[in-house]
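To start, the structure under review is shown below, and the notes come after it.
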2 protein chains.
Amino acid sequence: MPRHPQHELDLQLCFPLYAASRALTRAYGPLLAEAGLTYPQYLTMLALWSSDAPPTVGQLGAKLRLDSGTLTPLLKRLEAMGLLTRLRDATDERRVVVTLTEAGDALQDDLADVPAGVVELLGVDLAQAQALRGLLDDIIEHLDANA
Amino acid sequence: MPRHPQHELDLQLCFPLYAASRALTRAYGPLLAEAGLTYPQYLTMLALWSSDAPPTVGQLGAKLRLDSGTLTPLLKRLEAMGLLTRLRDATDERRVVVTLTEAGDALQDDLADVPAGVVELLGVDLAQAQALRGLLDDIIEHLDANA
DNA sequence: GACAAGCCTATTGTGCACAATCAAATTGAG
DNA sequence: CTCAATTTGATTGTGCACAATAGGCTTGTC
């Protein structure tokens, strides 16, 4: 046992959060492999599918909380797959606008059945899922505010 | 908006879990940098501090749910820092036993104040923390069981 | 219209995470 | 004892994540 109770708490909170995130990534891996996507790539596509207008790399990064150092190579891979285009904004050449191709948009239909149910995959009921989401959103907001 | 409601759910559950885990890693980063540790290295040290006897790489991996491909280089870095030793088990030379050095054991005192309070860092109260832990543990178990 | 400040993306380097593969050692059946 | 199956850790290769740095673009101010 650790000599310091805070470390015990870390082992009981930080570790489960870390491990659960990786376990979910692993669980999705095989489901997404068919479409040739990794889990971060899938989350990126989700963010794009839920966007009203083609976002810039910066806007996408804000949504996913990822910086350009992570997003740029990831987006280049998705571009190489023909799922999106990366084009400089003509009106502001600092910006790179990410636009779904037809194939990128169509992919959400192919992946419609991938999460046969996240809730079943996670083994929680809807109330637990909502509670979890609420807790996680609060934590994200709190951690980012104090960053 | 996505055309498929499952994708909406993924965005509301998978993404927060993913983002919260990374936000926590980022939050610990500066605190651990003083001691020269990364967040995964810190979790590994926590696991070692809480072990009764020096574990093998495999046992440590089972505890942290990390495979040897991840643990081996991580442990080599901790060994290079003088925090632990990696020695073949004489009775079964397939096994590598990980043993804390005196410095490795002493480090937990240096880091006693690092999580000035995970709970405050996360911005949740104790009841929420326990609820979160319970949910995450269930999810980890469920995901691993169906792996 | 020139210039300083701030914004935005790319690049570089380190360190996980994991799948796939390999090699070595133990175990167990005959 | 012998050999095949299993166990166990290392190695290799791809793909995030992020800090630090650099450089280009725009904007606001004169």
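Protein chains get the first letters and strands the later ones, always in sequence-line order, with residue 1 at the start of each. Bear in mind that the values here come from a model prediction, so they are computed numbers and not experimental data.
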Checking all strands, does B:Thr25 fall into the base, sugar-phosphate, or nothing category for heavy-atom contacts under 4.0 angstrom?
nothing
Phosphate OP1/OP2 of C:dC16: any B:Gln41 side-chain N/O under 4.0 Å:
yes
Side chain of B:Arg22: nearest nucleotide among D:dC16, D:dC18, D:dG9?
D:dC18
Step-by-step side chain to side chain contact (heavy atoms under 4.5 Å, CB included) determination, A:Tyr42 to B:Asp10:
CA-CA 10 Å; A:Tyr42 172 63; B:Asp10 272 23; 2.5 Å; yes
From C:dC18, D:dC18, C:dC16, pick the nucleotide closest to the side chain of B:Arg77?
C:dC16
Walk me through whether B:Thr25 and B:Thr38 qualify under side chain to side chain contact (heavy atoms under 4.5 Å, CB included).
CA-CA 9 Å; B:Thr25 301; B:Thr38 65; over 6 Å; no
Separation of atom OH in B:Tyr39 from atom P in D:dC18, rounded to whole Å:
13 Å
Look at A:Thr38 and D:dC16 and indicate whether a side-chain polar atom (N or O) is within less than 4.0 Å of OP1 or OP2.
yes
Check this for me: does the side-chain of B:Ser68 come within 3.5 Å of the base of D:dA10 through a donor and an acceptor?
yes
Please tell me if A:Lys76 has a side-chain N or O lying less than 4.0 Å from either OP1 or OP2 of C:dT11.
yes
With a 4.0 Å cut-off on heavy atoms, is A:Thr70 in touch with a base, just the backbone sugar-phosphate, or nothing at all?
base
Short side-chain N/O contact to D:dA10 OP1/OP2 from B:Arg86, under 4.0 Å
yes
Looking only at side-chain N and O atoms, does B:Arg95 come under 4.0 Å of OP1 or OP2 in D:dG9?
no
Among D:dC18, D:dA10, C:dC18, which nucleotide has an atom closest to any side-chain atom of B:Arg26?
D:dC18
Minimal heavy-atom distance between B:Leu136 and A:Ala20, with the atoms involved, is CD2-CB, 3.8 Å
